[in-house]
**Q** 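This structure is in structure tokens; I'll ask about it shortly.
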Amino acid sequence: GAFFLFFLLTFPTKTLPYVIKKKKHIDMKKSLGYNIFRLYKTFQFALVAKNNRIRNMAEKMEEKQAEHNYLEVNGDFRMRELDKSDLDQFNALLQYAFQITTKELFETGWAQDEIKYAKRPILEEAYVIGWFYKNRLASMIVVYNMKMNVYDNIMDMGGITGVATYPEYAGRGLIHSLVRRVLSYMNKQELPISFLCPYSIPFYRKMGWEICSDKLSFNVKDTQLPKPRPVTGMVERVSLDSEDYHNVHNYFAYQRHGCMIRDALSWEEYWRWDNDDMIAAVYYSTEHKPLGYVVYYIANEIFYIKEMVYLNLEANYGLWNYISAHFSMVTQVKGNNFSGEPMAYLFEDSEITETIEPYIMGRIVNVKQFLTDYPYQVTPEDLKIHFKVHDEMAPWNEGDYMVSFHDGENICEQVEDNQSINVVELNVNTLTTMMMGYKRPTYLYDHEKIKTEYYMLTWLERLIPAEKPYFSDYF
């Protein structure tokens with residue numbers, strides 16, 4: 001410093017600005033070099049930290065893979081059960097496969113994160129398995145543990161949903177293997193029957209499912225609405241989580257064949273894709289006892305009925321009175337009827353429009369358990385009937401099942417396949433639709449769906465109740 005000061009004092013004055021500029025330039029160079037060096041070191045430390053994070057993530061991924069219990073392995077494809085950590089991939093595949101757009105989510109009142117977390121209970125309460133390709137979910141299937149009414153006998157039921165595969169993995173038999181796996185799972189869980197809403201009837205028929213109920217859609221013009229009928233009760237609009245509304249459905253489900261018993265998860269699925277404009281109206285008797293309800297919304301002068309349930313004719317008349325009271329607001333009423341019977345006959349002006357389409361498909365998972373628990377209409381002790389069943393997807397069902405009755409109890413035994421008397425031969429599809437009452441034994445015989453002696457049709461018609469299934473749920 002002293003040397004530099006002496007240098008400045010003895011140096012010509014005119015050169016002073018240059019020297020100062022030179023010094024400043026040297027200092028700037030040093031400062032710039034230091035900053036570059038510091039930036040380099042910072043980048044170097046960040047790079048090391050990033051590499052460490054990647055290494056840690058890879059190690060955790062390997063640990064996670066080691067933790068997973070793989071059900072099947074085929075090259076880079078691995079089948080396993082999904083858990084909460086797979087929620088993002090689970091939702092992504094659902095939205096892709098079922099073409100759920102952001103616009104549709106918005107229209108039904110869902111935010112992207114809300115629908116993701118709304119689906120979390122499925123991973124917690126349902127059985128969800130899938131194929132993963134290099135840790136990416138490629139294909140999956142979901143099984144709900146549910147209950148349904150089979151001719152006043154409440155049975156455990158496996159509800160199949162969320163069957164999806166990304167297109168790049170199609171044609172590899174992934175779904176086929178998943179279906180086999182869930183059939184085995186349902187059998188071990190003692191779920192004697194399974195139902196699903198099909199996206200392809202031929203596909204599920206190959207897997208053993210068969211049509212068990214229809215959806216009848218109707219369109220009634222405002223001029224065709226029924227005239228008011230005298231009733232003593234009245235209709236009240238209630239909240240969608242109303243206890244009275246839920247109790248009516250519960251009571252109805254316990255007395256109507258084919259109806260699903262809704263638990264909390266089932267109710268969530270029931271409302272999943274409905275818009276916020278849905279309204280529930282309950283019919284009450286003079287004692288304020290809930291006897292029926294209609295769930296609906298109104299848009300573009302159309303009264304849309306999502307579901308209408310009544311426990312007696314009084315409630316039926318009261319609900320139609322309520323619907324007809326909207327005469328000045330609407331030009332038509334549209335809805336769905338799941339009873340299996342057309343409605344036109346009950347209208348004064350019967351020229352309403354009705355269309356019918358298959359709705360739900362069912363499958364017996366365990367033939368022996370189902371035939372043992374089945375509520376036969378008659379139980380003759382002098383009858384022994386042999387059901388010779390074919391089931392490629394569930395080999396434990398293949399064989400001859402002898403059903404007999406003793407002291408009002410059903411007895412079902414698997415016997416040697418060499419019987420020649422009272423034999424009814426059929427596949428598991430036909431057995432399901434026949435026992436559920438969707439198609440009668442004589443109809444199936446006439447269309448060569450069952451093989452038996454003609455006299456056995458009389459017994460089958462007597463054994464199987466005649467009521468058609470009522471199934472209105474979607475999952």
**Q** Check whether any side-chain heavy atom of Ile175 lies under 4.5 Å from a side-chain heavy atom of Ile141, and answer yes or no.
**A** no
**Q** Under the side chain to side chain contact (heavy atoms under 4.5 Å, CB included) criterion, do Val309 and Arg256 qualify, and how do the steps go?
**A** CA-CA 11 Å; Val309 164; Arg256 186 61 192 262; over 6 Å; no
**Q** Consider only side-chain N and O atoms of Asn321 and Ser324, and report whether a donor and an acceptor are under 3.5 Å apart.
**A** no
**Q** Output all residues satisfying side-chain contact (heavy atoms from CB on, under 4.5 Å) with Ser404, sequence neighbours left out; order by chain, then residue number.
**A** Lys384, Ile411
**Q** With side chain to side chain contact (heavy atoms under 4.5 Å, CB included) as the criterion, how do Ile261 and Ile154 come out once you've worked through the C-alpha distance, each side chain's angles and the decisive distance to 0.1 Å?
**A** CA-CA 8 Å; Ile261 313 298; Ile154 306 305; 4.2 Å; yes
**Q** Between Ser177 and Met79, is any pair of side-chain heavy atoms under 4.5 Å apart?
**A** yes
**Q** Can you list the residues that meet the salt bridge (charged side-chain N to carboxylate O under 4.0 Å, His left out) rule with Glu72, with sequence neighbours excluded?
**A** Arg181
**Q** Which atom names give the shortest non-hydrogen contact between Val143 and Ala126, and what distance separates them?
**A** O-CB, 3.3 Å
**Q** Between Tyr322 and Tyr317, do the side chains contain an N or O donor and an N or O acceptor separated by less than 3.5 Å?
**A** no
**Q** Please determine, by modelled atom types, if Ser217 and Asn336 share a side-chain donor-acceptor pair under 3.5 angstrom.
**A** yes
**Q** Taking the side chain as C-beta and beyond, is there a heavy-atom pair between Leu463 and Pro380 under 4.5 Å?
**A** yes
**Q** I'd like to know if Glu210 and Arg363 make a salt bridge, using a cut-off of under 4.0 Å between side-chain N and carboxylate O.
**A** no
**Q** I'd like a table of donor-acceptor pairs (distance under 3.5 Å, sequence neighbours excluded) in which one partner is a side-chain atom from residues 450-457, with atom names and distances.
**A**
from	atom 1	to	atom 2	distance (Å)
Thr452	OG1	Val423	O	2.8
Tyr455	OH	Asn422	N	3.4
Tyr455	OH	Asn422	OD1	2.7

**Q** Just to verify, what does Glu357 make a salt bridge (charged side-chain N to carboxylate O under 4.0 Å, His left out) with, not counting sequence neighbours?
**A** Lys215
**Q** Is His257 reaching over with its side chain to a backbone N or O of Ala466, donor-acceptor style, under 3.5 angstrom?
**A** no
**Q** Quick one: list whatever passes ring pair (Phe, Tyr, Trp, His ring centres under 6.0 Å) with Phe327, sequence neighbours left out.
**A** none
**Q** Can you tell which of Tyr270, Tyr251, Trp267 makes a ring-ring contact (aromatic ring centres under 6.0 Å, His included) with Tyr245?
**A** Trp267
**Q** Which residues pass the salt bridge (charged side-chain N to carboxylate O under 4.0 Å, His left out) test with Glu354, not counting sequence neighbours?
**A** none
**Q** List in chain and number order the residues that pass side-chain contact (heavy atoms from CB on, under 4.5 Å) with Tyr345, two or more places apart in sequence or in another chain; answer none if no residue qualifies.
**A** none
**Q** Would you please name every residue forming a side-chain contact (heavy atoms from CB on, under 4.5 Å) with Gln332, sequence neighbours left out?
**A** Asn219, Ile302, Lys334
**Q** Can the ring centres of Tyr296 and Tyr304 be said to be less than 6.0 Å apart?
**A** no
**Q** Would you kindly say whether Asn187 and Ser184 are connected by a side-chain donor-acceptor distance under 3.5 Å?
**A** no
**Q** So Val415 and Asp400, do their side chains get closer than 4.5 Å, heavy atoms only?
**A** yes
**Q** Using salt bridge (charged side-chain N to carboxylate O under 4.0 Å, His left out), reason through Lys221 and Glu351 one step at a time and then give a plain yes or no.
**A** CA-CA 10 Å; Lys221 298 175 185 176; Glu351 291 185 296; over 6 Å; no
**Q** Taking the side chain as everything from C-beta on, heavy atoms only, tell me whether Ile464 gets closer than 4.5 Å to Met435.
**A** yes
**Q** Tell me, yes or no, whether the heavy-atom count around Glu448 atom CD, taken from other residues, nucleotides or ligands under 6.0 Å, exceeds 12.
**A** no
**Q** Regarding Lys147 and Asp156, does a basic nitrogen lie under 4.0 Å from an acidic carboxylate oxygen?
**A** yes
**Q** Please tell me whether Asp152 and Tyr254 have a donor and an acceptor in their side chains that are separated by less than 3.5 angstrom.
**A** no
**Q** So that I can tick it off, tell me whether Lys368 and Glu413 are bridged by a salt bridge, with the cut-off set at under 4.0 angstrom between side-chain N and carboxylate O.
**A** no
**Q** When the ring centroid of Tyr199 is compared with that of Tyr204, is the distance short of 6.0 Å?
**A** yes
**Q** With side chains defined as the heavy atoms from C-beta onward, is the minimum distance between Glu243 and Val238 less than 4.5 Å?
**A** no
**Q** Find out whether the Lys NZ or Arg CZ of Lys439 is both under 6.0 angstrom from the six-membered ring centre of Tyr443 and within 45° of the ring's axis.
**A** yes
**Q** Considering only residues two or more places apart or on different chains, which pairs with a residue in residues 279-291 satisfy side chain to side chain donor-acceptor pair (under 3.5 Å)?
**A** Glu236-His288, Asp244-Tyr284, Tyr283-Glu314, Ser285-Glu287
**Q** Among residues at least two apart in sequence or on other chains, which ones pass salt bridge (charged side-chain N to carboxylate O under 4.0 Å, His left out) with Glu381?
**A** none
**Q** Between Gln95 and Leu93, is a side chain to side chain contact (heavy atoms under 4.5 Å, CB included) present by the stated rule, with each step listed?
**A** CA-CA 6 Å; Gln95 288 186 224; Leu93 179 49; over 6 Å; no
**Q** Looking at Tyr166, does the NZ or CZ of Arg136 lie under 6.0 angstrom from its six-membered ring centre and within 45 degrees of the ring axis?
**A** yes
**Q** Does anything in residues 379-408 pair up under ring-ring contact (aromatic ring centres under 6.0 Å, His included), and if so which pairs, sequence neighbours excluded?
**A** Tyr376-Phe405
**Q** So which heavy atom on Gln377 is nearest to which on Glu461, and how close?
**A** NE2-O, 4.1 Å
**Q** Looking at Glu307 and Arg262, is any side-chain nitrogen of the basic one under 4.0 Å from a carboxylate oxygen of the acidic one?
**A** yes
**Q** According to ring pair (Phe, Tyr, Trp, His ring centres under 6.0 Å), who are the partners of Tyr133, at least two apart in sequence or on a separate chain?
**A** Phe77, Tyr169
**Q** Centre-to-centre under 6.0 Å for Trp209 and Phe203, is that the case here?
**A** no
**Q** Flag the pair Val367 / Leu371 as yes when at least one side-chain heavy-atom distance between them is below 4.5 Å, and no otherwise.
**A** yes
**Q** Would you say the side-chain atoms of Thr432 pair up with the backbone N or O of Ile364, donor to acceptor, closer than 3.5 Å?
**A** yes
**Q** Does some side-chain heavy atom of Met157 sit less than 4.5 Å from a side-chain heavy atom of Leu191?
**A** no
**Q** Walk me through whether Phe195 and Phe471 qualify under ring-ring contact (aromatic ring centres under 6.0 Å, His included).
**A** CA-CA 10 Å; Phe195 281 84; Phe471 200 104; 5.6 Å; yes
